[in-house]
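Everything on this sheet refers to the single structure shown next.
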Amino acid sequence: MYYLSLQLFLVKTFMLKPVFCIGGATIDYKLQSKNDLVASTSNPVKSYATFGGVARNVAENLARFSQHVYLQCAVGNDLEGHQLFALMSKLGANIESSIILENTSTARYYAILNPNGHLHIALADMDIFSHLSVSLLAKHWTQWDAHTLVFIDTNMPSEVIEFALTKCQNTGALLCIDPVSVAKTTRLPNSFKNIFLIKPNQDEASELSGILIETPEDAIKAGKLLLRRGAMNVVITLGHLGYILVNEEVQIHYSIQLPKRIKDVSGAGDAFMAGILFGLQRNFSMSQACRFGEVAAYYTLQSTQTVCENITEACLHQPIYEY
């Protein structure tokens, strides 16, 4: 605990915001069909495994192209959990506040992909997160202050999310949230007051706003509703249609350039969030921070890994669409 306090003091002295990533860590098993999927029969696939989990993905991205990253997650006392921690430590992420839970397994995520790399269906075994509580996690949050960025995903129980929101309100830390899935949007509080940024995808934003989102204009309307619920910034990702940014200053749709060949869409949204946090660490505007996110997502779409291993800080500083 003393080491963590000293490290945070040094980070804040040199004015680069520490980023705390709290939430899911999983083992991802991906099966990509070689042909169009056919129900009720065997389909030939190619398969591979990688580490995943929204908060962990965001933390790994940041560790690859930034510094002062703190991951708080839970794994089982199994080989996969220990390997996950070993990788994060090797990359330079601080995992002191992460937890190994006995008598349970590290979470697993199974994704079935179409031949073009787009998600067909996903299955998630996330029972481990039901064992987490405020008392287990919040004792590590004493160092948060107005110079802290906090990212949390909705793999966490609702009481943990609400306590994090209260903690950020009291300390001035900036809270960023990813709703993760339509089903898990119910874990968010009714009021988004003091949420600095919420980044749902198209389906999650439809669920949160009650608006069927089919166009960027629909997304901007939904963003305005989430702003009225208290969020300070709303970013809604729309797949190939790009994304929208809504706050008190801008209400804008950004189109994006996709790679000529998409290998796997998994993790692109997490890379996008990591790029945004990279920008916020360095006090860029929200619009510019989103541009960093675009670049990170672009690289990730071209990788079969949930987190692209080739992203560096230099990549993010290349002129937009010249990468």
Side-chain angles (χ1 to χ4, degrees), residues 8 11-12 16-24 53-59 61-62 66 68-73 94 97 129 132-134 136-181 184-201 204-205 208 223 225-237 245-248 269-270 272-286 289-290 292-293:
L8 284 170
V11 170
K12 293 169 186 177
L16 187 65
K17 292 182 175 70
V19 183
F20 287 80
C21 299
I22 305 162
V54 173
R56 195 218 66 87
N57 292 345
V58 171
N61 274 287
L62 279 168
S66 190
H68 312 309
V69 181
Y70 301 79
L71 173 63
Q72 187 177 42
C73 65
N94 185 302
S97 61
F129 303 127
L132 297 177
S133 64
V134 170
L136 267 178
L137 300 173
K139 61 186 178 183
H140 299 283
W141 301 352
T142 58
Q143 304 299 323
W144 295 3
D145 61 19
H147 195 68
T148 302
L149 282 168
V150 177
F151 170 75
I152 192 166
D153 70 41
T154 55
N155 287 303
M156 294 293 95
S158 56
E159 60 267 24
V160 172
I161 296 170
E162 292 192 26
F163 193 86
L165 183 56
T166 300
K167 183 74 174 180
C168 288
Q169 179 181 349
N170 293 338
T171 61
L174 300 183
L175 180 65
C176 304
I177 292 181
D178 189 318
V180 174
S181 70
K184 292 177 182 176
T185 59
T186 58
R187 298 183 183 180
L188 295 172
N190 291 326
S191 172
F192 291 171
K193 185 178 180 182
N194 296 307
I195 293 178
F196 180 76
L197 167 66
I198 185 166
K199 188 201 73 65
N201 65 19
E204 294 154 4
L208 288 168
L225 282 175
L226 301 187
L227 213 66
R228 287 201 286 272
R229 285 177 63 176
M232 287 174 260
N233 297 277
V234 179
V235 173
I236 300 174
T237 55
L245 168 64
V246 175
N247 56 34
E248 292 297 338
D270 303 334
F272 187 87
M273 174 58 87
I276 292 175
L277 292 169
F278 171 89
L280 296 178
Q281 264 192 309
R282 291 154 177 77
N283 298 310
F284 283 95
S285 69
M286 183 58 67
C290 286
F292 290 129

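Not measured: the values here are computed from a predicted model.
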Item to complete: Identify, with sequence neighbours excluded, every residue that meets side-chain contact (heavy atoms from CB on, under 4.5 Å) alongside D270.
Response: V54, N57, V58, D178
Worksheet entry | Listed partners of K184 passing side chain to side chain donor-acceptor pair (under 3.5 Å), at least two apart | N155
Discussion item. Using a 3.5 Å distance criterion without hydrogens, assess whether the side chain of E204 forms a donor-acceptor pair with backbone atoms of S181.
Written reply: yes
Practice prompt. Apply side chain to side chain donor-acceptor pair (under 3.5 Å) to S66 and list each qualifying residue two or more places apart in sequence or on a separate chain.
Written response: Q281, R282
Practice prompt. Please list, chain by chain and in numerical order, all residues satisfying side-chain contact (heavy atoms from CB on, under 4.5 Å) with L227, sequence neighbours excluded.
Written response: V234, V246, E248
Worksheet item: For T154, does its backbone N or O pair with a side-chain atom of R187 as donor and acceptor, under 3.5 Å?
Response: yes
Worksheet entry | Which residues share a side chain to side chain donor-acceptor pair (under 3.5 Å) with Q169, sequence neighbours left out | N194
Practice prompt. Give a yes or no on whether the backbone of E162 and the side-chain of T166 come within a donor-acceptor separation of less than 3.5 Å.
Written response: yes
Worksheet entry | Ring center gap for F292 and F284 short of 6.0 angstrom | yes
Practice prompt. Measure from the side-chain N and O atoms of D153 to the backbone N and O of A55, and report whether any donor-acceptor pair falls under 3.5 Å.
Written response: yes
Fill in: Side-chain donor or acceptor of R229 paired with backbone N/O of N190 under 3.5 Å
yes
Worksheet item: Going by distance alone, is a donor N or O of one side chain under 3.5 Å from an acceptor N or O of the other, for N233 and K199?
Response: no
Worksheet entry | T186: side chain to side chain donor-acceptor pair (under 3.5 Å) partners, not counting sequence neighbours | none
